[in-house]
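To start, the structure itself, in structure tokens.
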Amino acid sequence: QVKVVEYGGGSAQAGGSLRLSCVASGYTHSSDCMGWFRQRPGKSREGVALIDSEGRTVYADSVKGRFTISQNSAKTILYLQMNSLKGDDTAMYYCAANSCFDSPLEESLDRVLGEWWGQGTQVTVSA
């Protein structure tokens, strides 16, 4: 059974940084892709960043150049380094495993799918 848990949310000031971590126990990232999604207040869940098993990545335009998705060498922990945070980044952030279902990364980012999801971790950015 796969269980996905996110860590590292919290509060930061605009311009600051936070790093999120995701552990998917019972899951090995040997294929498909993993990713980060978020749901901002009053909005639908949206894709933030995905990484496939080869290390290829894709980002939403709103976070490109500020956020970095990565994983440890054993591919057991997924990270999201968030720099230059803005108020618009305030959201519940979710980690998902198996989000691509053999579709290209770019297409999968917009589809917001995942076979396994975490409960989310809140990120609040203040001015």
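Each residue takes its place number in the sequence, starting with 1. These values consider heavy atoms only, across backbone and side chains, with no hydrogens, waters or symmetry-generated copies.
- A salt bridge does not link Asp89 with Lys86: every distance from a Lys NZ or Arg NE/NH1/NH2 to an Asp or Glu carboxylate oxygen is 4.0 Å or more.
- Tyr93 approaches Phe67 most closely through the heavy-atom pair OH-CE2, 4.0 Å.
- Judged by a 6.0 Å distance limit and a 45° cone about the ring axis, Arg45 is positioned over the six-membered ring of Tyr94.
- Note: the hydrophobic cluster containing Val123 does not contain Val23 (ILVMFWY, side chain heavy atoms under 4.5 Å, direct or indirect links).
- Smallest separation of non-hydrogen atoms from Arg40 and Ala91: CG-CB, 3.6 Å.
- Met34 approaches Cys95 most closely through the heavy-atom pair CE-SG, 4.3 Å.
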Which side-chain N or O atoms in residues 48-55 pair as donor and acceptor under 3.5 Å with protein atoms at least two apart or in another chain?
| residue | atom | partner | partner atom | Å |
| --- | --- | --- | --- | --- |
| Asp52 | OD1 | Glu54 | N | 2.9 |
| Asp52 | OD1 | Gly55 | N | 2.9 |
| Asp52 | OD1 | Arg56 | N | 2.8 |
| Asp52 | OD2 | Arg56 | NE | 2.7 |
| Asp52 | OD2 | Arg56 | NH2 | 3.0 |

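- Taking the ring centroids of Phe37 and Trp117, they lie under the 6.0 Å cut-off.
- Scanning both residues, Leu20 and Met82, for their nearest heavy atoms gives CG-CE, 3.8 Å.
- When the side chains of ILVMFWY residues are joined at heavy-atom separations under 4.5 Å, either directly or via intervening members, Trp36 and Val5 end up in two distinct hydrophobic clusters.
- Scanning all heavy atoms of the two residues, the minimum distance from Leu109 to Tyr59 falls at CD2-C, 3.6 Å.
- The local environment of CG in Asp102 is sparse, with at most 12 non-hydrogen atoms from other residues, nucleotides or ligands closer than 6.0 Å.
- The closest side-chain donor-acceptor pair between Arg111 and Ser103 falls under 3.5 angstrom.
- Annotation: side-chain hydrogen bond (donor to acceptor under 3.5 Å, both in side chains) contacts involving residues 23-35, sequence neighbours excluded, comprise Tyr27-Asn98, His29-Gln71.
- Here the closest non-hydrogen pair linking Gln81 and Ser17 is NE2-CB, 3.9 Å.
- Other residues, nucleotides and ligands contribute over 12 non-hydrogen atoms within 6.0 Å of the CD atom of Gln122.
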